[in-house]
There are 2 protein chains.
Amino acid sequence: MQNHEHMFEAFLVKKELKFTLPRKLILSTVFALHEHFDAEQLYDEVRKASRNVSRATVYRTIPLLVEAGLIQKSVRSEARDTYEHIYGHPRHAHWVCRECGGVLETDMQEICKQLQKRAAVQNFEIAEISLEIKGLCWKCRNNATESQ
Amino acid sequence: MQNHEHMFEAFLVKKELKFTLPRKLILSTVFALHEHFDAEQLYDEVRKASRNVSRATVYRTIPLLVEAGLIQKSVRSEARDTYEHIYGHPRHAHWVCRECGGVLETDMQEICKQLQKRAAVQNFEIAEISLEIKGLCWKCRNNATESQ
DNA sequence: CTGCTAATTGAGAATCATTCTCATCAAAGG
DNA sequence: CCTTTGATGAGAATGATTCTCAATTAGCAG
């Protein structure tokens with residue numbers, strides 16, 4: 001049993017919820033998937049392993065995974081909500097280009113440290129941090145100036 | 001005419017769009033509203049000024065205001081998309097409590113400076129910055145420990 | 001092993017914010 | 001006052017997510 005399975009099971013036990021077969025399947029599928037995914041992609045993958053898991057259960061399990069600290073919502077404002085692993089992945093900022101939609105990720109260890117300090121002062125317990133910068137990437141800036 | 005009206009008009013002219021009456025109305029309503037609002041609230045307010053503005057036009061104008069740099073999407077993951085003024089408002093981080101839903105705002109001038117530096121290196125042109133921290137506020141942490 | 005109880009599930013209907021369609025209207029220049 | 005093209009209003013359509021409810025399952029007690 002992998003580490004994230006232990007974590008999820010511990011979380012469920014604490015909440016007096018059951019570590020059922022559908023939940024096990026969804027969990028292992030999430031961690032077999034790319035770091036970024038949406039509910040529908042997850043559902044498709046889960047169905048490959050078992051046709052007996054419904055879309056509703058996938059949608060119901062995602063918030064549990066979020067609350068357990070295993071995943072969090074990722075880049076926003078797309079049609080579907082997207083999620084990303086946070087267990088075992090250092091936090092990173094997302095630089096989203098408004099023009100081409102490309103996403104660049106950069107390290108944010110330093111910023112996280114600053115936020116942790118501020119959290120201590122405010123007595124706030126951090127579960128998720130999302131930093132998103134939108135604008136124009138270098139490619140689209142070049143295209144914009146060329147076409148003038 | 002206020003400054004944000006000049007900005008919006010300049011933006012529209014540059015895009016070869018017209019500064020029509022509905023757009024003027026929506027713009028002035030946005031800036032008469034709280035810093036945070038959603039499309040429906042905006043629509044309700046606009047309708048108070050004129051019953052001849054449709055929901056569709058409100059929804060169509062919001063992305064223009066975003067692109068013009070006057071507003072941006074705010075705290076996410078609520079049912080409706082919410083927006084906040086950015087023209088004339090220093091950027092701030094949102095600390096969202098998962099338990100009570102409360103939102104605290106803190107300054108992020110320092111972080112913005114760091115991001116500007118990194119943007120210069122990447123040759124990225126920043127239009128929006130959103131920093132959202134989710135977790136438990138001090139009140140809800142206290143409640144949690146009491147009830148154990 | 002068997003029954004009990006409450007949580008969980010699957011299937012599909014329901015919701016509801018947002019987007020789209022399309023006929024009508026308005027602005028700006030000639 | 002035409003003309004052309006973008007803008008608008010009204011309501012239909014979309015589509016991700018949530019809800020409903022009867023059937024199933026897990027965990028426990030006997």
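Since we're looking at a predicted model, the values are computed, not measured.
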Can you tell me if the side-chain N/O atoms of Tyr59(A) get under 4.0 Å from OP1 or OP2 in dT17(D)?
yes

Would you mind reading off the distance between Arg51(B) atom CZ and dT8(D) atom C1', rounded to a whole angstrom?
16 Å

Between atom CG in Leu25(B) and atom P in dT8(D), what is the gap in whole Å?
11 Å

Out of dG27(D), dT18(C), dA7(D), which has the shortest distance to the side chain of Lys18(B)?
dA7(D)

Check every atom of dT18(C), dG11(D), dG12(C) against the side chain of Ala56(A) and return the nucleotide holding the closest atom.
dG12(C)

Identify the residue among Glu84(A), Glu132(A), Lys134(A) that makes a side-chain contact (heavy atoms from CB on, under 4.5 Å) with Val75(A).
Glu132(A)

What integer distance in Å separates Lys73(A):NZ from dT17(D):C1'?
10 Å

Closest approach to the side chain of Thr57(A), judged atom by atom: which nucleotide of dG12(C), dA10(D), dT9(C) is it?
dT9(C)

Measure CD1/Ile62(B) against P/dT8(D) and give the value in whole Å, please.
14 Å

I need the CD-C1' distance between Glu9(B) and dA27(C), as an integer number of Å.
13 Å

Please report the distance, rounded to the nearest Å, between CD in Glu16(A) and C1' in dT8(C).
15 Å

Aromatic plane relationship, His94(A) with His92(A) - under 30° parallel, 30 to 60° tilted, over 60° perpendicular
perpendicular

side-chain hydrogen bond (donor to acceptor under 3.5 Å, both in side chains) with Arg98(B): which of Glu67(A), Glu128(A), Glu125(A)?
Glu128(A)

In terms of side-chain geometry, is the basic nitrogen of Glu99(B) or Lys139(B) positioned less than 4.0 Å from the acidic oxygen of its partner?
no

Please tell me whether Phe19(B) and Leu25(B) are part of a single hydrophobic cluster in this structure, the criterion being side-chain heavy atoms less than 4.5 Å apart.
yes

When we call it a touch if two heavy atoms are under 4.0 Å apart, what does Arg23(B) touch: a base, just sugar-phosphate, or nothing?
sugar-phosphate

Closest to the 5' end of DNA chain C, once Leu17(A) and Asp38(B) are matched to their nearest nucleotides, is Leu17(A)

5' precedence on DNA chain D between Ser54(B) and Leu21(A) (nearest-nucleotide basis):
Ser54(B)

Counting only side-chain nitrogens and oxygens, does Thr20(A) get under 4.0 Å of the OP1 or OP2 atom of dT9(C)?
yes

Rounded to whole angstroms, how far apart are CG on Leu64(A) and P on dT17(D)?
16 Å

Specify the separation, in whole Å, of atom CZ of Phe19(B) and atom P of dA27(C).
13 Å

